[in-house]
There are 2 protein chains.
Amino acid sequence: MVLDSLDLKIIQALSQQGRATWSELAERFEVSSPAIADRVRRLEKRGILQGYTIRLDAPQLGYDLTAFISVSLEKTEHRPAFLAYVESTAEIQECHHVTGSGDYLLKVRCRNTAQLEQIISHGLKGQASVGQTHTAIVLSTAKETLNLPLTPD
Amino acid sequence: MVLDSLDLKIIQALSQQGRATWSELAERFEVSSPAIADRVRRLEKRGILQGYTIRLDAPQLGYDLTAFISVSLEKTEHRPAFLAYVESTAEIQECHHVTGSGDYLLKVRCRNTAQLEQIISHGLKGQASVGQTHTAIVLSTAKETLNLPLTPD
DNA sequence: ATTGAAACAATCAAAAA
DNA sequence: TTTTTGATTGTTTCAAT
């Protein structure tokens with residue numbers, strides 16, 4: 001089953017205004033609000049719409065430091081322990097298995113360099129599987145969004 | 001002006017359930033719903049809570065390919081044109097100025113390798129300022145969240 | 001920050017496209 | 001199967017405290 005143009009318009013609208021009311025969207029797209037509610041419920045059920053969240057200003061919350069850490073794993077048998085560490089560490093926002101020089105690319109948000117050091121030297125290097133790491137500190141962020149380029153007909 | 005424990009609890013709750021009703025939060029945190037509404041309005045006004053959005057399943061929407069592209073800029077005078085290109089390209093979800101070998105680290109979501117090639121060979125390499133690029137393809141993603149580790153007292 | 005009233009939005013069942 | 005309508009329920013908002 002495919003997405004029609006109304007589904008895409010709803011997804012696009014909620015990407016920008018995740019708390020838009022069904023009646024707002026109903027008016028904007030010229031359908032009834034139960035129709036919007038139904039579409040959204042179905043998108044949720046299909047797992048396309050996974051949930052609702054907020055965009056935060058990390059620096060205002062004391063998170064002034066963002067870093068990307070490339071991690072090479074040596075002992076592949078300890079990979080589950082590494083992934084469990086990643087899962088349990090709230091400062092690690094993203095963890096991707098990637099091609100290229102490192103095995104995993106981590107996006108980390110932390111309060112300061114002391115906390116970053118803690119994560120690299122104790123958290124990551126403390127994992128039996130972790131070999132080399134390479135850290136790139138974010139100096140500034142020009143763009144950061146979750147939006148996907150959806151093209152409603 | 002600082003955040004108190006109720007502010008942090010609201011932020012944390014909305015991070016997980018961005019459409020939670022004020023009355024739900026009011027009951028959970030044992031205050032009235034106008035109190036929740038007021039806190040949220042103030043967090044929005046201060047720019048701490050920047051907005052509401054949704055989490056999408058990118059593969060189900062046809063975005064099967066995620067890549068991180070490290071970009072080196074040569075002619076620094078064309079940097080604004082590069083940033084304008086980044087801004088105008090919906091497939092580029094993130095662009096960070098970073099320390100280390102490349103100047104910028106881009107997170108890109110696209111439909112397939114053909115589209116990735118288009119972005120690298122025409123989009124990026126078409127910019128006067130862009131020198132070398134290094135692309136890491138995401139094989140799988142173990143973690144991907146916007147949440148910050150907030151510690152309510 | 002709370003209370004209570006008014007305005008508004010979401011949901012459900014029935015029915016129609 | 002999906003949408004609309006209209007009634008009901010629940011939520012947000014506002015003024016007063």
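Just so it is clear: chains get the letters A, B, ... in the order the sequence lines come, proteins before strands, and each one is counted from 1. Hydrogens, waters and symmetry mates are skipped; everything else that's a heavy atom, side chains included, is used.
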Checklist entry - B/Asp38 near the nucleic acid: base, sugar-phosphate alone, or nothing, with a heavy-atom cut-off under 4.0 Å? => result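 Counting heavy atoms under 4.0 Å across all strands, no contact is made by B/Asp38.
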Item to check | Cation over ring face, B/Arg19 and A/Tyr52, 6.0 Å, 45° | outcome: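 Judged by the rule (NZ or CZ under 6.0 Å from the ring centre, within 45° of its axis), B/Arg19 counts as positioned above A/Tyr52.
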Checklist entry - So does B/Glu117 have more than 12 non-hydrogen atoms from other groups sitting under 6.0 Å from CD? => result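 No - once you tally the heavy atoms of other residues, nucleotides and ligands closer than 6.0 Å, there are 12 at most.
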Checklist entry - How about A/Glu44: does its CD atom have over 12 heavy atoms from other parts shown lying under 6.0 Å from it? => result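 Count over threshold, so yes.
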Item to check | Side-chain heavy-atom pair A/Tyr63, B/Leu150 within 4.5 angstrom cut-off | outcome: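 Yes. Closest side-chain heavy atoms under 4.5 Å.
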Checklist entry - Do the non-hydrogen side-chain atoms of B/Asp103 and B/Val98 ever get within less than 4.5 Å of each other? => result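 SC-SC contact between B/Asp103 and B/Val98 ruled out.
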Next on the checklist: With a 4.5 Å cut-off on side-chain heavy-atom distances among I, L, V, M, F, W and Y, is there a chain of contacts connecting A/Leu116 to A/Ile92?
Outcome noted: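 They do share one cluster, since a chain of ILVMFWY contacts under 4.5 Å joins A/Leu116 to A/Ile92.
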Expressed as a whole number of angstroms, how long is the span from [X]:[atom1] to [N]:[atom2]?
{"X": "A/Glu24", "N": "D/dT11", "atom1": "CD", "atom2": "P", "result": "18 Å"}
{"X": "B/Arg42", "N": "C/dA1", "atom1": "CZ", "atom2": "C1'", "result": "10 Å"}
{"X": "A/Arg41", "N": "C/dA9", "atom1": "CZ", "atom2": "P", "result": "21 Å"}
{"X": "A/Asp4", "N": "D/dT2", "atom1": "CG", "atom2": "P", "result": "10 Å"}

Checklist entry - Who pairs with B/Arg39 by side chain to side chain donor-acceptor pair (under 3.5 Å), at least two apart in sequence or on another chain? => result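 Side chain to side chain donor-acceptor pair (under 3.5 Å) list for B/Arg39, sorted by chain: B/Asp4, B/Asp7.
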Checklist entry - Near DNA chain C, under 4.0 Å by heavy atom, which residues of residues 25-32 of chain B? => result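 Going residue by residue through residues 25-32 of chain B, the ones with a heavy atom under 4.0 Å of DNA chain C turn out to be B/Val31, B/Ser32.
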Next on the checklist: Between A/Ser23 and C/dC8, is there a contact of a side-chain N or O with OP1 or OP2 at under 4.0 Å?
Outcome noted: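 For C/dC8, neither OP1 nor OP2 has a side-chain N or O of A/Ser23 closer than 4.0 Å.
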Please output the side-chain donor-acceptor pairs of residues 131-142 of chain B that fall under 3.5 Å, not counting sequence neighbours, one pair per line with the distance.
residue	atom	partner	partner atom	Å
B/Thr141	OG1	A/His96	ND1	2.8

Item to check | Worked check of side chain to side chain contact (heavy atoms under 4.5 Å, CB included) between A/Leu6 and A/Val31 | outcome: CA-CA 10 Å; A/Leu6 180 57; A/Val31 291; 4.3 Å; yes
Under 3.5 Å, side-chain donor or acceptor atoms of residues 70-85 of chain B against the rest of the protein: list the pairs with distances, not counting sequence neighbours.
residue	atom	partner	partner atom	Å
B/Thr76	OG1	B/Arg79	NH2	3.4
B/Arg79	NH1	B/Tyr104	OH	3.2

Next on the checklist: Tell me which one of A/Glu94, A/Gln93, A/Gln115 satisfies side-chain hydrogen bond (donor to acceptor under 3.5 Å, both in side chains) with A/Arg109.
Outcome noted: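 Running side-chain hydrogen bond (donor to acceptor under 3.5 Å, both in side chains) over A/Glu94, A/Gln93, A/Gln115 with A/Arg109 returns exactly one hit, A/Gln93.
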Item to check | Candidates D/dT2, D/dT4, C/dT2 - which lies nearest the side chain of B/Ala35 | outcome: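 For B/Ala35, the side-chain atoms sit closest to C/dT2.
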Next on the checklist: Rounding to 10°, can you tell me the angle the first-five-pair axis of the helix from C/dA1-D/dT17 to C/dA17-D/dT1 makes with its last-five-pair axis?
Outcome noted: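 Inter-axis angle at the ends, rounded: 40°.
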Under 3.5 Å, which N/O atoms of the protein pair with N/O atoms of nucleotides 11-17 of chain C?
residue	atom	partner	partner atom	Å
C/dT11	OP2	A/Trp22	NE1	3.4

